[in-house]
Amino acid sequence: MTGQPQAPGLEAFLSEVRSALGSAAVLNDPDVVSGHTTDWTRRFVGHSPAVVRPRDTAGVADTIRSANRHGVELVPQGGNTGLVGGSVPTRGEVVLSLLGLDRMGEPDPISLQITCGAGVTLGALQRRVRAHGLGFGVDLAARDSCTLGGMAATNAGGIHLVRYGPMRNQVAGMEAVLGDGSVVSHLGGLDKDNTGYDLSSLLTGSEGTLGVITALRLRLRPVPTHRVLALVGCPDVAGAVELASGIRRGLGSVHAIEAVFGPAMELVERHLGRRAPIRAEGGWLLVEAAEVGRDPTDDLAGVLESGPDWVTDVAVATEDPTTTRLWEFREKLTEAIAVTGIPHKFDVSVPLPRMADFVEEVTSGLAGQFPGAQVYVFGHLGDGNVHVNVILPESTAVETAEAEPGPEELVLTLAAGFGGSISAEHGIGTAKRRYLPLVRSPEEISAFVRLKAALDPGGTMNPHVLLP
Ligand code: FAD
Ligand code: 2HG
Ligand code: ZN
């Protein structure tokens, strides 16, 4: 806990919230609060006087209105699996935990939709709809902790984006409490509805800066009955890109195109205690095809056979546990990095034709500027999105990204210079807010500021996140 001043109205706020929500909704035992003040990577360690945990939308609205009255800043938090420091109170804000909003409706087999509270985890949703032969379009390794509200707030991507798009494409309706305390609800789930501004889309990806998402109407997908996964060894990044592009062009049932490059594979192999079934010079591509009622194995084999001549070494899986064990060489990377050190994480996207040059320049640039740094590159190659993780020889925990400026300048400037984005999926958070002007014009940032002022006039909601 640092000596930063707390809002003068803090005690009045907490007492008002206790009266409105019940005293059990305000947690201030330091041991409990500390569980909410460090991010998943352990890089961002904040502090907070209390965690407020409402159980319904009215409780969220009461909390936000009271925070406005007393000048208290709030950090919305779901599963706290975000990777850019956006869900932790880096400046002593009160944490508004949404985990209590965990009600889940029944899946509607006609519209293929479901309504869920924002605090429902992705894993709980997957389990609920699976019994009905349905699945969800976004899947990611943090599934048992991350919440649907947090995923919408970050517009999460994940491993099936190449098939179903990001979280925004799954949202058919939303209920939210805006920063001024007003409740906006549009949960009808109509696929066609051109009646003005799309507030659900605006709040998706807003990282808790405009309001709190309290419930979601979500699109569901039929669970593929047939899946086939191939691990392909590639000579280099350019080869992996060439193959990924051929698969995007030629495989209608494509379900995932993921890549793991050199040292990242060695790291995850050490972490898992086993080696990938095939060796490769430069990298590995994991390609999944999936369909309902039809086996896409021959289609996948066909597209690989008509690919580059060097495609010779391929490991294939069609059933668990082999499929899961193969996926782990990609999915367990974040965990493998976390046990190795405190990383600086980047989730950049670059136009695919320039990807190989970007990976070459970023790895050689990092080696030159940060001797001894461990650099791991992997990601959603089919989407033009790679994750660059950098563990500096002496990485430390910090309150704000400014306290330990590391490779951000190099990696983000390079990505922007290649015509890419400084965030393809995790968002800007506190980690990258200084760098937003690299990819957004002054006019765009000014529009962002005016939107925030309109929906959150008191500057209550995550005021130190996203905007520079
Ligand atoms: P939190 O971390 O609690 O919050 C994230 C942001 O959303 C914060 O700014 C917070 O203030 C805001 N927020 C949270 N809930 C709400 C709400 N109800 N209303 C308004 N704002 C809210 N991301 C990807 O995109 N693709 C991946 O493949 C992926 N894989 C991951 C794998 C691992 C192992 C981990 C740890 C993380 C991964 N992530 C990935 C990152 C992360 O963004 C997602 O896990 C998820 O979107 C965050 O959900 P959460 O509930 O934990 O949100
Ligand atoms: C993934 O794709 C996640 O696995 C996390 O987005 C990436 O650990 C990372 O950098
Ligand atoms: Zn990712």
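Order of appearance sets the numbers: ligands from 1, and atoms from 1 within every ligand.
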task = For the residue pair Ser423 and Asp347, confirm or rule out a side-chain donor-acceptor distance under 3.5 Å.
result = yes
Shortest-distance N, O or S atom of Glu425 relative to the Zn ion (ligand 3) = OE2
query = Taking only residues two or more places apart in sequence or in another chain, which ones pass ring pair (Phe, Tyr, Trp, His ring centres under 6.0 Å) with Tyr164?
reply = His255
inquiry  = Is there a polar contact between ligand 1 and Gly82, counting only N or O atoms under 3.5 Å apart?
reply    = yes
ask   = For ligand 1, which atoms sit closer than 4.0 Å to a heavy atom of Leu98?
value = 18 (N)
Structural part of Asn462 in contact with ligand 1, heavy atom criterion under 4.0 angstrom = side chain
message = Any nitrogen or oxygen of Val75, side chain or backbone, less than 3.5 Å from one on ligand 1?
response = no
task = May I ask you to identify, for Cys146, whether its side chain, its backbone, both or neither come under 4.0 Å of ligand 1 on a heavy-atom basis?
result = both
query = Short list, please: which atoms of ligand 1 are under 4.0 Å from a heavy atom of Gly211?
reply = 20 (C)
ask   = Do ligand 1 and Ala118 have nitrogen or oxygen atoms that lie under 3.5 Å from each other?
value = no
message = Show the atoms of ligand 1 that are less than 4.0 angstrom away from any heavy atom in Ala153.
response = 7 (O), 12 (C), 13 (N), 20 (C), 21 (N), 22 (C)
ask   = Does any N, O or S atom of Asp347, backbone or side chain, fall under 2.8 Å from the Zn ion (ligand 3)?
value = no
ask   = Are any of the N/O atoms in Val465 less than 3.5 Å from those in ligand 1?
value = no
Note: Glu328-Arg274 ion pair, threshold 4.0 Å (strictly below) = yes
message = So if I count the atoms of ligand 1 from 1 in the order they appear, which ones are less than 4.0 Å from some heavy atom of Thr334?
response = 34 (C)
key: For Ala156, the ligand 1 atoms whose distance to one of its heavy atoms is below 4.0 Å   = 25 (O), 47 (O)
message = Distance alone, cut at 3.5 Å: any donor-acceptor contact between the side chains of Asn155 and Thr204?
response = no
message = Below 3.5 Å, N or O to N or O, backbone or side chain included: is there any such pair between Pro76 and ligand 1?
response = yes
inquiry  = Going by the rule ring pair (Phe, Tyr, Trp, His ring centres under 6.0 Å), which residues pair with Phe358 if we only count those two or more places apart in sequence or in a different chain?
reply    = Phe418
inquiry  = Just to be sure I read this right, does ligand 1 sit under 4.0 Å from the backbone of Thr81, its side chain, both, or neither, counting only heavy atoms?
reply    = both
note = So for His426 against ligand 1, with non-hydrogen atoms under 4.0 Å, the contacting part is side chain
request  = With heavy atoms only and a cut-off of under 4.0 Å, state how Thr154 meets ligand 1: side chain, backbone, both or neither.
outcome  = side chain
ask   = Under 3.5 Å, is there a donor-acceptor pair between the Glu175 and Thr214 side chains?
value = yes
Test item: side-chain donor near acceptor, Gln374 and Thr340, under 3.5 Å = no
key: Those residues that, when tested against Glu73, pass side chain to side chain contact (heavy atoms under 4.5 Å, CB included) (two or more places apart)   = Glu93, Pro463, His464
ask   = Do His380 and Glu258 have side-chain atoms, one donor and one acceptor, less than 3.5 Å apart?
value = yes
Return a table of N or O atom pairs, ligand 2 on one side and protein on the other, at distances under 3.5 Å, rounded to 0.1 Å.
unit_1   : atom_1 : unit_2 : atom_2 : d
ligand 2 : 2 (O)  : Arg330 : NH2    : 2.6
ligand 2 : 2 (O)  : His380 : NE2    : 2.9
ligand 2 : 2 (O)  : His387 : NE2    : 3.0
ligand 2 : 4 (O)  : Arg330 : NH1    : 3.1
ligand 2 : 4 (O)  : Arg330 : NH2    : 3.3
ligand 2 : 6 (O)  : His387 : NE2    : 3.0
ligand 2 : 6 (O)  : Glu425 : OE2    : 2.9
ligand 2 : 6 (O)  : His426 : NE2    : 2.7
ligand 2 : 8 (O)  : Thr334 : OG1    : 2.8
ligand 2 : 8 (O)  : Lys345 : NZ     : 2.6
ligand 2 : 10 (O) : Lys345 : NZ     : 3.3
ligand 2 : 10 (O) : Asn389 : ND2    : 2.8

inquiry  = Strictly under 2.8 Å, is the Zn ion (ligand 3) approached by any N, O or S atom of His426?
reply    = no
task = Output yes when the distance from some N or O of ligand 1 to some N or O of Val212 is under 3.5 Å, and no in every other case.
result = no
